[in-house]
2 protein chains.
Amino acid sequence: MSDRRSAIMDVAERLIRAHGYNGFSFREIADEIGIKSASVHYHFPTKADLAAAVAKRYRERFVDALGTAEAQGAGKIEAWRGLFQNALNQDGLMCLCGILAAEGNSLPAEVAKEAHAFLKFGVESLDEAAPGRGLAILSQLEGAMLIARSAADESVFQDATKELSAL
Amino acid sequence: MSDRRSAIMDVAERLIRAHGYNGFSFREIADEIGIKSASVHYHFPTKADLAAAVAKRYRERFVDALGTAEAQGAGKIEAWRGLFQNALNQDGLMCLCGILAAEGNSLPAEVAKEAHAFLKFGVESLDEAAPGRGLAILSQLEGAMLIARSAADESVFQDATKELSAL
DNA sequence: GTCTATAATTTGATAGAC
DNA sequence: GTCTATCAAATTATAGAC
């Protein structure tokens, strides 16, 4: 993948996680990189194409990051918690697929599909650590991100999920 | 409050809960009611005014609905859970302030403030039923709504929150 | 209170030159 | 691959008639 293409995805990912699918534009991305919006369309014909590609990459990267955290000795739940905590602390960003899921049926089908695939993976992943509780744990993690962003207080996510450390 | 004003708020609330703040327009509301968008501006000068008013009313109504459920014998946690479950089942709608919180810092300050006030109320309310666990429980409820919408399966919210019944 | 009309801006997207 | 130029549509919002 070209540098330019991945640079576009980087900016798109950050903007979606900050404002949602309906809260970013091709021009915003182009301006930030220093190109024209027509050039963004060369790499991604439509907005749905771009968002779906970003969501797919987000899931793949998340899988890798989980693997790294686990290889370093973290439990699965702590790995998930740590990745979300870092995103919030560093840039105040939601889980990409959490905010996409919240925007619900206003999304193009291909984007909704990728968001759903991530959440399905999340449930299965957390079920490995806590059989039958993956869905409940992912719910708590996603909801905690959402509330933490509203509070704009770094300790909120930690407080909201601290009981998960015991699992 | 006039009928027209509340009718506008009704449509706005449904649209925000379905698509988010950045996913609805004055024209959409006007078309649905059968008036012109300029008339919507008569009642609410700006989009931020409208969304903030809707969020304030949402919280007031939620307080009332909780009181009703509790008067009918429901525990506080079951009351919250039931209200969210009903919204999902009937119209596939998110918690208004959950989706607003997810959209984060792209919102006008007055709208973000109302969303935050609702979530703060939620934590305090749930803390009464489970001291020290209100934030964790609200997180789980909000996250479960978000995941349930992505799954488009009515049983997901129930599964994701079933353990809360025991509290 | 609602309308017509319109302004000013933004948006997603395309055609075609280079 | 990126640009200029442009389009058609949508958006928030206002002025002023009725």
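All chains are named by letter (A, B, ...) in the order of the sequence lines, taking the proteins before the strands, and each is independently numbered beginning at 1. Just the heavy atoms: all of them, side chains too, but no hydrogens, waters or symmetry mates, feed the values below.
Closest approach to the A:Arg4 side chain among D:dT2, D:dC3, C:dG1 is made by D:dT2 (side chain taken as heavy atoms from C-beta onward).
Between the CD1 atom in B:Ile29 and the CG atom in B:Leu50 there is a gap of 5.0 Å [rounded to 0.5 Å].
Minimum interatomic distance between A:Met145 and A:Cys95 (heavy atoms only, all atoms of both residues): SD-N, 3.3 Å.
Taking atom CG of A:Asp3 as the reference point, atom C1' of D:dG1 lies 13 Å away to the nearest angstrom. Going from atom CG of B:Leu50 over to atom P of D:dT12 covers 10 Å, rounded to whole Å. The distance between atom CG of A:Asn22 and atom P of C:dT10, rounded to the nearest whole Å, is 18 Å. Computed from coordinates, the A:Arg5 CZ to D:dT2 C1' distance equals 16 Å when rounded to whole Å. Across the protein-nucleic acid pair, B:Asp31 atom CG and C:dC3 atom C1' stand 15 Å apart, rounded to whole Å.
Between B:Trp80 and B:Phe84, the ring planes are perpendicular. Angles over 60° get that label, and only those under 30° would be called parallel. The aromatic rings of A:Phe24 and A:Tyr21 sit perpendicular to each other, their planes meeting at more than 60°, with 30° as the lower class boundary.
OP1 or OP2 of D:dG1 sits under 4.0 Å from a side-chain N or O of A:Tyr42. OP1 or OP2 of D:dC3 has at least one side-chain nitrogen or oxygen of A:Ser39 nearer than 4.0 Å.
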Checklist entry - If the sugar-phosphate is the primed atoms plus P, OP1 and OP2 and the base is the rest, what is the B/S/- string for nucleotides 11-18 of chain C, using protein heavy atoms under 4.0 Å? => result BBBB----

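Using a 4.0 Å cut-off between charged side-chain N and carboxylate O, B:Glu78 and B:Arg81 make a salt bridge. The pair B:Asp127-B:Lys76 fails the salt-bridge criterion, with no side-chain N (NZ, NE, NH1 or NH2) lying under 4.0 Å from an Asp/Glu carboxylate O.
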